[in-house]
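Below: one structure, written as structure tokens.
In what follows, every chain begins at residue 1, and chains take the letters A, B, ... in the order their sequences are listed.
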Amino acid sequence: MSTAPEVRIPTDEELQRITRRAVIEIIPEQEFIQALKSGRQLRLKMGFDPSRPDMHIGHAIGLRKLRQLQDLGHQVVVIVGDWTGRIGDPSGQSQTRPMLTEEEVEANAETYLRQVYRIVDREKTEVLVQSSWFDRFDLEDVIRLSACFTVAQMLRREDFAQRYESHRPIGLHEFMYPLLQAYDSVEVRADVEFGGSDQRFNLLLGRELQEMMGQRPQSVFIMPLLVGTDGVQKMSKSLNNYIAVEDPPGEMYGKVMSIPDTLILNYFTLATDVPDAELQEISEALEKRSVNPMELKMRLAREIVAQFYDAAAAQEAEEGFRRTFSKRQAPEDLVTEYRVSFSDSAKKFNRPVLDVGGVRMVESLYLPKVLVEAGMVPSVSEAKRLIKQGAIDIDGDVHTSEIFALIDGLLFRVGKRRFLRIVDADKQADSSLRSE
RNA sequence: GCAGGGGUGGGUGAGCGGCUAAAACCGACAGACUGUAAAUCUGUUGCCUGAAAUGGCUACGCAGGUUCGAAUCCUGCCCCCUGCACCA
């Protein structure tokens, strides 16, 4: 009943792209290349942690790789790591995480997969939930699995070794994380597993375990971690230096523009499909300073936005970006709208709703609170500081007062790239009533 | 189990009865300069009070106590580190 899957053998050029670009190491490389050339359909495994469903363009590096292979006809297998997610990947700092409920896992998995499918083909993707095999594990299975490895083997993992050396604690349960991940490979009969360089140990453990269990050991595909927009640390949500896959185009474009120049080539290499020949040109241009790096960065930003949206969106984002800093206008997708009822405010502060030349307005509202309520700033104190520092302007004029006249459509610029528009809720209500 | 050292703001880390919302450094944010880059300079960096305060509230592992007053002293507890002991 299963028809032989259509698998295409990559051309040398494609092979080059798959095995060289955005790759740190393939173990063992020759075995992997042979497998690709064999015409056999490979099962490509990549796992994710459902406790953190937000995906950024660093994750996209791996997914892009999967997509390349998927286009050749190979089978992508995505694992929802609901059990490993509960343990938390041993990173030294991370304490045991609270157990996620089934609903949380489901919800997170759903949002995550939605993002995954922006890159890989949903039709050709198999999704498996870890608990579907670990739920039936009993103590004997756990012990049997643990017995496959020794403490010495575990200590090959660098962060364990470091902590052991410096006498910092290592929870026994932390050993379970790589073990479970390794067992996943057995369960799904993976031919290749993909992961970032921080996953190296876990990936290799999967390979070993498969062999012990009589399976053909998986190849391991290790990819670089993308550096975040700060240019120093790896991209991560908790460090707030990330570009989310679901960022709106303008936001995405702007974030790319904010990366340091030193990262331009790196981003082109890892996050775009710009051909190698052009990478070479870009590299030379940067070195010789023959082009304003900003121009290259704009190209980069276009490439990235187009990848997650389309060329038109990229173009639009670029125009928005230009307007933002040359003409100081706000690009629409960076504007937060704050809806206030003018009549309620008027009542609250005992001010009349005025009509000045057809513009409805209320005399005064307290700006710090509005900023907090609109979610632009975490506290009133913070908002006051911003005002004091001249970080807020209306139409290019710095707004130094904590009080402002409530006008429908009033647009504040907060800092460099945040915008707040005041919208008259009454008016909206009126018009929506009228239109019905 | 015994002995010694330690737990301070996003991080590192000073303070060791009032001058401490807590040095310094890093980070972060804002401003100037720019290309929303880098570098540099300046400012801000617990929260609240609809100007502000020598105003209020919260904060130095947790819970009590001494004191006019405690991050600082005392008691108990928890956790971490180092050494010794124990080790089927």
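- Between A:F137 and A:Y183, the distance from one ring center to the other falls under 6.0 angstrom.
- Rounded to whole Å, the distance from CE on A:M298 to P on B:G35 is 11 Å.
- Phosphate proximity of B:U44 to A:K384: absent, as no side-chain N or O sits under 4.0 Å from OP1 or OP2.
- Side-chain polar atoms of A:S341 and A:D426 form a donor-acceptor pair below 3.5 angstrom.
- Taking atom NZ on A:K369 and atom P on B:A51, their separation rounds to 11 Å, with Å as the unit.
- The closest side-chain donor-acceptor pair between A:Q215 and A:S185, if any, does not fall under 3.5 angstrom.
- Among the nucleotides B:U44, B:U36, B:A51, the one closest to any side-chain atom of A:R385 is B:U44.
- A:R351 and A:S364 share a donor-acceptor pair across their side chains, judged by distance under 3.5 Å alone.
- Straight-line distance from the CG atom of A:N241 to the P atom of B:A28: 10 Å, rounded to whole Å.
- Checked by atom type, the side-chain pair A:Q181/A:N202 shows a donor-acceptor distance below 3.5 Å.
- Nucleotide B:A39 holds its P atom 12 Å from the CG atom of A:D230, rounded to whole Å.
- The side chain of A:S381 places an N or O atom within less than 4.0 Å of a non-bridging phosphate oxygen (OP1 or OP2) of B:C48.
- For A:R417, the side-chain atoms get nearest to B:U36 when compared with the rest of B:U36, B:C29, B:A52.
- Projected onto RNA chain B by closest heavy-atom contact, A:L365 and A:T262 fall at different nucleotides, the more 5' of which corresponds to A:T262.
- A donor-acceptor contact under 3.5 angstrom links the side-chain atoms of A:Q389 to the base of B:G43.
- Contacts of A:K388 with the nucleic acid, taken as non-hydrogen atoms under 4.0 Å apart, are absent.
- Closest to the A:R418 side chain, of the nucleotides B:C29, B:G35, B:U49, is B:C29.
- Following rounding to the nearest Å, A:E382 (CD) and B:A28 (C1') show an atom-to-atom distance of 9 Å.
- When both pairing distances are held under 3.5 Å, B:U54 makes no Watson-Crick or G-U pair with any nucleotide shown.
- A:E318 and A:R322 are joined by a salt bridge, as a carboxylate oxygen and a charged side-chain nitrogen come within less than 4.0 angstrom of each other.
- The side chain of A:P293 sits closest to B:G35 out of B:G35, B:C47, B:U49.
- Residue-level contact check: A:I403 touches the bases, meaning some heavy atom is under 4.0 Å from a base atom.
- With distances taken from any side-chain atom of A:E402 to the nucleotides B:A51, B:C47, B:A30, the minimum falls on B:A51.
- Between A:M376 atom CE and B:C29 atom C1' the separation is 14 Å, expressed in whole Å.
- If you find the closest nucleotide of RNA chain B to A:Y366 and to A:G254, the one lying nearer the 5' end belongs to A:G254.
- When the C1' atom of B:G35 is taken as reference, atom CZ of A:F321 falls 7 Å away, rounded to whole Å.
- Of the candidates B:A37, B:G31, B:C48, the closest approach to any side-chain atom of A:A391 belongs to B:G31.
- In this structure, A:H399 atom NE2 and B:G31 atom P are separated by 15 Å, rounded to whole Å.
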